[in-house]
Amino acid sequence: MFRSSFAALVALGCVNVVNAWFRVACTDPLVQERLDPIISPGVVPSQHVHTIHGASNFGPNYTYNSLRASSCTNCEVEQDLSNYWFPKLYFQDPQTKLFEPVDNGGLLVYYQNRGDGDVSNGGPGLKAFPPGFKMITGNPARRSKKYPVGLGTQDELRERAIQWSCLRYSAGQPGYDDNGTGFPTTDCESGFNYVQFTSQLPVRSDPTAVPACWDGVNLDSPDHMNHTAFLSGLDNGSCPEGYPVTLMKAQDCFLSALKFLPLPSDPTGFSWHGDFQNGWDTTALQEAIDDCNNPNDATGSGDTSACQYLTVNTVANANTCKIAPIVNEAINGTLTQLPGCNPLQYGPGDATLYTAANCPI
Ligand SMILES: *[C@@H]1O[C@H](CO)[C@@H](O)[C@H](O)[C@H]1NC(C)=O
Ligand SMILES: *[C@@H]1O[C@H](CO)[C@@H](O)[C@H](O)[C@H]1NC(C)=O
Ligand SMILES: *[C@@H]1O[C@H](CO)[C@@H](O)[C@H](O)[C@H]1NC(C)=O
Ligand SMILES: *[C@@H]1O[C@H](CO)[C@@H](O)[C@H](O)[C@H]1NC(C)=O
Ligand SMILES: *[C@@H]1O[C@H](CO)[C@@H](O)[C@H](O)[C@H]1NC(C)=O
């Protein structure tokens with residue numbers, strides 16, 4: 001089995017970066033367990049297993065102050081005490097039907113100056129995430145593509161923002177291109193690169209993005225999405241009406257292995273999602289946004305350690321930051337069923353997110 005590694009992730013990179021950016025690299029996960037303080041605050045356990053990165057005070061509930069009081073983070077930028085999480089991936093053996101976890105190769109979060117709001121595009125400048133801000137991208141119930149590429153509605157942009165790439169560079173093969181959203185169906189000789197918000201495929205150029213527009217008022221919303229919106233070009237362009245605050249654009253990328261990787265209950269890959277709760281030192285983040293974007297020095301080309309407002313920790317140090325899971329269940333090793341109630345659902349209609357109370361298996 002291809003074993004993904006953090007070194008491979010960093011070496012391959014994830015984005016074709018052309019202008020100002022810096023990067024938060026997260027190594028071994030902080031913890032993996034069934035918790036989700038955004039979708040299911042206070043609920044132990046939540047619906048499916050997540051791989052969680054970031055600050056050590058992660059738990060079933062989020063407050064900005066509790067996160068800021070964390071003693072460490074497994075991500076390398078010390079001023080960032082945020083949490084980032086996404087589903088833990090499992091491989092289903094086609095013969096035995098048993099599940100085994102897929103290695104986690106780490107997470108890279110790129111912060112980019114993008115969109116009409118950026119000073120480089122004549123805008124007023126981008127804003128740091130406010131204290132208490134949280135957001136999600138993607139939809140855990142999704143099992144198929146719903147909108148034609150390029151439609152440009154927020155729903156379509158949200159769908160296009162979830163991308164999977166098949167890294168085939170070593171074999172000199174073209175990458176995988178299904179305009180993004182489902183799992184690759186071919187072998188991925190060089191690993192399996194989930195590119196949440198961008199594409200690095202040689203054959204692709206459509207830029208993609210996380211929401212970089214904010215309504216300026218709400219730190220969260222009932223669906224955890226509606227207080228944010230995507231730039232009109234995902235990677236560039238303008239914010240829609242009602243979302244006047246232009247944020248620094250974040251994009252996540254993680255590396256994983258092999259093909260046939262069902263997400264919890266999802267063999268298709270369309271349900272991929274990512275969650276963010278802000279624990280940044282917002283002053284440092286704002287200073288980095290404003291000043292670490294100089295095209296004439298190393299900050300303009302992603303050398304995060306050249307940004308005087310950010311302290312880059314070593315991988316070894318970051319790897320020491322771990323917390324014990326509070327949900328006591330087997331999530332590793334060979335499993336007959338995915339943790340929680342997650343029967344495989346192939347779509348194309350939206351899946352049911354079962355709980356213990358309505359579990360059909
Ligand atoms: C956590 O969130 C739940 C649900 O919103 C709430 O009932 C509970 O009081 C919260 N607990 C803490 C410690 O904030
Ligand atoms: C991807 O989208 C483009 C339009 O942006 C289209 O021309 C192309 O055929 C699509 N590719 C696939 C594999 O659907
Ligand atoms: C966000 O939700 C509010 C309240 O449900 C609704 O009034 C508003 O139209 C929604 N905005 C968008 C852009 O969907
Ligand atoms: C974004 O669009 C502006 C024009 O609106 C352009 O000047 C700039 O180069 C674009 N940036 C990227 C990264 O494509
Ligand atoms: C499961 O494996 C992952 C990856 O090796 C590790 O980070 C995590 O601590 C393990 N969790 C449990 C509960 O054994």
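We use all heavy atoms of the structure for the numbers below, so side chains are in, but hydrogens, waters and symmetry mates are not. All of these numbers come straight from a predicted model, not from anything done at the bench. Atoms within each ligand, like the ligands themselves, are counted from 1 in listed order. Throughout, residue positions are numbered sequentially from 1 according to the sequence presented.
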J.: So what's ligand 5 close to, N/O to N/O, under 3.5 Å?
T.:
| residue | atom | partner | partner atom | Å |
| --- | --- | --- | --- | --- |
| ligand 5 | 2 (O) | Asn332 | OD1 | 3.1 |
| ligand 5 | 2 (O) | Asn332 | ND2 | 2.4 |
| ligand 5 | 11 (N) | Asn332 | ND2 | 3.0 |
| ligand 5 | 14 (O) | Asn332 | ND2 | 3.0 |

J.: Mind running side chain to side chain contact (heavy atoms under 4.5 Å, CB included) on Asp275 and Gln277 for me, showing each step along the way?
T.: CA-CA 7 Å; Asp275 300 52; Gln277 58 187 18; over 6 Å; no
J.: With ILVMFWY side chains joined below 4.5 Å, transitively, what does Tyr62's cluster contain besides itself?
T.: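 Grouped by the 4.5 Å side-chain rule, Tyr64, Leu67 form the rest of the cluster around Tyr62.
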J.: Rest of the hydrophobic cluster containing Met225 (Ile/Leu/Val/Met/Phe/Trp/Tyr, side-chain heavy atoms under 4.5 Å)?
T.: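 For the cluster that includes Met225, the remaining residues are Leu30, Val31, Leu35, Ile38, Ile39, Val44, Ile52, Phe58, Trp85, Ile136, Ile323, Ile326, Val327.
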J.: How long is the gap from CG on Leu219 to CZ on Phe129, to the nearest 0.5 Å?
T.: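 One gets 12.5 Å once the value is rounded to the nearest 0.5 Å.
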J.: With ILVMFWY side chains joined below 4.5 Å, transitively, what does Leu81's cluster contain besides itself?
T.: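 Members other than Leu81 - counting any ILVMFWY side chain reachable under 4.5 Å - there are none.
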J.: Is there a side-chain contact between Pro343 and Cys341, using heavy atoms and a 4.5 Å cut-off?
T.: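 Side-chain contact under 4.5 Å: yes.
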